[in-house]
Amino acid sequence: MMEKSNFIRTIIEEDLKTKKHDYPVTRFPPEPNGFLHLGHARAILTNYNLATEYGGYFNLRFDDTNPVTEDTLFVEAMQKDIEWLGCPWKNLYYASNYFDEMYKRAMLLVKKGMAYVDELTADEIKTYRGDLTTPGKESPYRHRSVKENVRLFEGMKNGEYPDGSRVLRAKIDMASGNMNMRDPVIYRIQRAEHHNTGNDWCIYPMYDFAHPIEDAIEGITHSLCSLEFEDHRPLYDWFVKHCEMPNVPRQIEFGKLMIAHQITGKRHIRKLVEEGVVDGWDDPRLITLSGLRRRGVPPQAIHAFIETLGLPKSQGYTDIAMFYEVVRDYLSQHARRIHGIIDPVKVVITNYEGDIETLEAPFHRDREDFGSRPVAFGRELYIERDDFLMEKPNKKWKRLSLGIEVRLMHAYFIKAHDVETDDEGRIQTIYCTYDNATRSGTGFNERKPNGTIHFVEATTAKPAEVRLYENLLKEDGSNAINDASKKIQHGFIEGNVDMHEQEAFQFTRNGYFALDPDSRHDALVFNRVVALKSSFKK
RNA sequence: UGGGCUAUGGCCAAGUGGUUAAGGCAUCGGACUUUGACUCCGACAUCGAUGGUUCGAAUCCAUCUAGCCCAGCCA
C-alpha cells in the first residue's frame, strides 16, 4: 500500500536525515480502564506503522498511574485487541514498573527546589489557581525549604499522612497563561490497591509528570498524542529537562479519530452494558475493537480505513458510512460468496422429478483461486421472500413474479405459476417450473431471464440465525437508543460449505456475514457485518 | 478582556508560491452484469472573510470571523 504523507512522517524523515535519531521508537500508552475502540485504532496503527516503516519499533505501555480506575480485565482485553489488529509490540511495559524511578526523579526536583509539598486542600488549590483570565496566587507553602520538602515528600511516600492531605507540586509559574504551568500537582496520596504494584505505594504520580518520564525511560523518540495535550507540551518538556532525563522524547499531537453518532465513552458504554442495552463490551453494534471483531470486520479493513482518513491536525467527525464502505471494499475482494436466505419462503419445482442434484458454483466470480463448491438443487427450495411479488410491478422489477421467469444463480431458470397462502394471505409456497435446458454453465442464451436471484435447496440447507444490525443510536438528531438496532431472523444457508471461525462470507445479494461465537455446530449464528450497497429504487 | 490549536465541495482529506485545486465517501446520471454487488464512464470547489506582498497565493503578511481544547489531588 502506498503510504500517504502526513506531517508526522515529515518530522520523522527529517529527524532521520539529520541523524537526530537512527530509528524511531513509539508507543501506544492506554490507561487500562475500558475497552479500545475504532478511534484508538488510529493511534495504535499510526504509532505502529510509523515506527516499523522507518526501521524502528513500537511498545505497548499501560499508563497505569491511577489505581482506582484501572483493572487487569482491561489490560488483557487491550492486549487481545491490539494483537488482533495486527500491531505486535516489541516490549510490553507498565508505567507502574517505573514508580521507583519516578519517585527518584520527583525527589530530584524537590532537591533542586523545583517542587514542593503543599498542604492546601483540593478546594483551596483550585481557588488559588485562579481562572482562565485571572492569574493564580502562590500557595503559602510554596517557599518551604528544600530540607523540609524532602522530609515531607518522604513522609508522603512512607504513609505518614492521610489521603488527600498533601500533594507534591512542581514550582513553575502561578501566573502563566497556560493553566498547566500553574504549579501542577505531580504526586497525590491515595491508598488504593494497584492492579500491578498492589499496596507497595500510597502515593501515585499524575499523568503530566509520569508520562514524559515514562517516554524518556523507554527511549521513545516521537511521543504521539491527541490534540488536547498540546498545551501540556511545555510541561512535558519542562519535566524531561529538569528531571535530567538522558533521552529527550518529542511530543507530537494529532487529531483524534471521532466517528459521528457512535458511543465511545467508557462510562457510557459501561452503563449500557450494565443496563443490558447492549450485550457486552463486544456487542457488534459497538465500535469497540472487540465489537468489530465479533461482528466480523477484518482487521485489514480497519487498516485501510485508517489509511484513507490520513492523519490530520484538525478535528472533525467522520461518517460511519465511510468505514462501512471500506469494509465492503475489502470484503468484496476477499470474502467467499455463498447463498444464504435471510427471510425464506418455500418454492416447489412442480416439474422436477428425482433426487437432489449437485451443481458447481465458484466461490468468487473474479477469483478462480478461491475454488468452488457443490450446490444442491432439488424439488424444494427457499428463496428470499422479497424476491417474489405476485405481479411484476414495473419493468425495473428483476425478480420473480407469477408467469415471470428468472435465473436461479448457478442453477436453472424457473417460472412461477401458482402460490399458496395462509389464512392471513401470507405466501407460504410458490409453485414454479424449471427448464432443464437452462442449466448454468451450458451457455444457454435463447431467452433472457427477468433477473437473477439466489436460492438454497431445502432438504440440505442448514438453518441459521442471522443478526442484522443498524446504528445503535438513532441518527435523527435525538441520539436516542435505536430499538431496531438489532434484528434477529431465521434463515438457511447452503449446506456444503466449510467455515473458519470469524471468516466473513458474502451471502449473495444480502451482504457480508460472519459466524458469531454464539454458534454451535447444530445452530449457526451469523452477524451481518455490513449490507451490500444497493442502487435499487422502486 | 488568558493560553493553545484548527479553518479546502454535504463528510473525510492531499496540497508547504507557479499548468485546468489529488483522492476517498455521499449524491446524481449512464454502461455492463448469472450478485439491482463489483467494475467502468460522466457530473459535482474560485481553498472561512477582508485587505496586502508578488509577474504569480489555498500556500507569505495583517486584521477579522467561526469552531475546538485548558481552571481533576483523571488520563
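The figures here come from the full heavy-atom set of this structure, side chains too, leaving out hydrogens, waters and symmetry mates. As the structure is a computational prediction, the values presented were derived from the model and not from experiment.
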Please work out which residues in residues 117-125 of chain A have a non-hydrogen atom less than 4.0 Å from an atom of RNA chain B and list them by number.
A:Leu120, A:Thr121, A:Ala122, A:Ile125

Pair A:Phe377 + A:Tyr434: ring centers closer than 6.0 Å:
yes

Select base, sugar-phosphate, or nothing to describe what A:Val167 touches, counting heavy atoms under 4.0 Å on all strands.
base

At less than 4.0 Å, is any side-chain N or O atom of A:Thr308 found next to OP1 or OP2 of B:A13? Yes or no.
no

If you pin A:Met409 and A:Asn180 to their nearest nucleotides in RNA chain B, which one's is more 5'?
A:Met409

Any A:Lys313 side-chain N or O less than 4.0 Å from OP1/OP2 of B:C5:
no

Give A:Arg337 one of three labels, base, sugar-phosphate or nothing, depending on what nucleic acid heavy atoms sit under 4.0 Å from its own.
base

So, is A:Lys126 near the phosphate of B:G72, with a side-chain N or O under 4.0 Å from OP1 or OP2?
yes

So, A:His211 versus A:Phe229, ring centres under 6.0 angstrom or not?
no

Would one find a side-chain N or O of A:Arg509 under 4.0 angstrom from OP1 or OP2 of B:G36?
yes

Return whichever of A:Gly451 or A:Leu311 has its heavy-atom-nearest nucleotide of RNA chain B closer to the 5' end.
A:Leu311

Between the side-chain atoms of A:Asp231 and the base atoms of B:G3, is any donor-acceptor pair under 3.5 Å?
yes

A:Tyr93 six-ring face occupied by A:Arg61 cation (under 6.0 Å, within 45°):
no

B:G36, OP1 or OP2 - any side-chain N/O from A:Arg407 closer than 4.0 Å?
no

Please state whether the rings of A:Phe74 and A:Trp281 are parallel, tilted or perpendicular, taking 30° and 60° as the class boundaries.
perpendicular

Quick one: the side chain of A:Thr133 and the base of B:U1, do they pair up donor-acceptor inside 3.5 Å?
no

Is there a side-chain polar atom (N or O) of A:Ser535 under 4.0 Å from OP1 or OP2 of B:A37?
yes

Classify the ring geometry between A:Phe526 and A:Phe513 as parallel (under 30°), tilted (30 to 60°) or perpendicular (over 60°).
perpendicular

Cationic tip of A:Lys266 above A:Phe35 ring, under 6.0 Å, 45° of axis:
no

Considering only side-chain heavy atoms of A:Arg129, which listed nucleotide, B:U34, B:A71, B:C5, is closest?
B:A71

If pairing requires Watson-Crick or G-U wobble contacts with both distances under 3.5 Å, which nucleotide is the partner of B:U34?
none

Specify the glycosidic conformation (syn or anti) of B:G23, with syn defined as within 90° of 0.
anti

Does the B:G4 base have a donor-acceptor partner in the side chain of A:Arg233 within less than 3.5 Å?
no

Check: A:Asn436 side chain, A:Arg439 main-chain N or O, donor-acceptor pair, under 3.5 Å:
no

Is A:Lys256 close enough to B:C68 that one of its side-chain N or O atoms is under 4.0 Å from OP1 or OP2 there?
no

Reckon A:Ser314 touches a base, only the sugar-phosphate, or nothing at all at heavy-atom distances under 4.0 Å?
sugar-phosphate

So, does A:Arg188 get its side chain near the phosphate of B:C74, meaning an N or O under 4.0 Å from OP1 or OP2?
yes

Looking at the rings of A:Tyr187 and A:Phe153, which for Trp means the six-membered one, are their centres under 6.0 Å apart?
yes

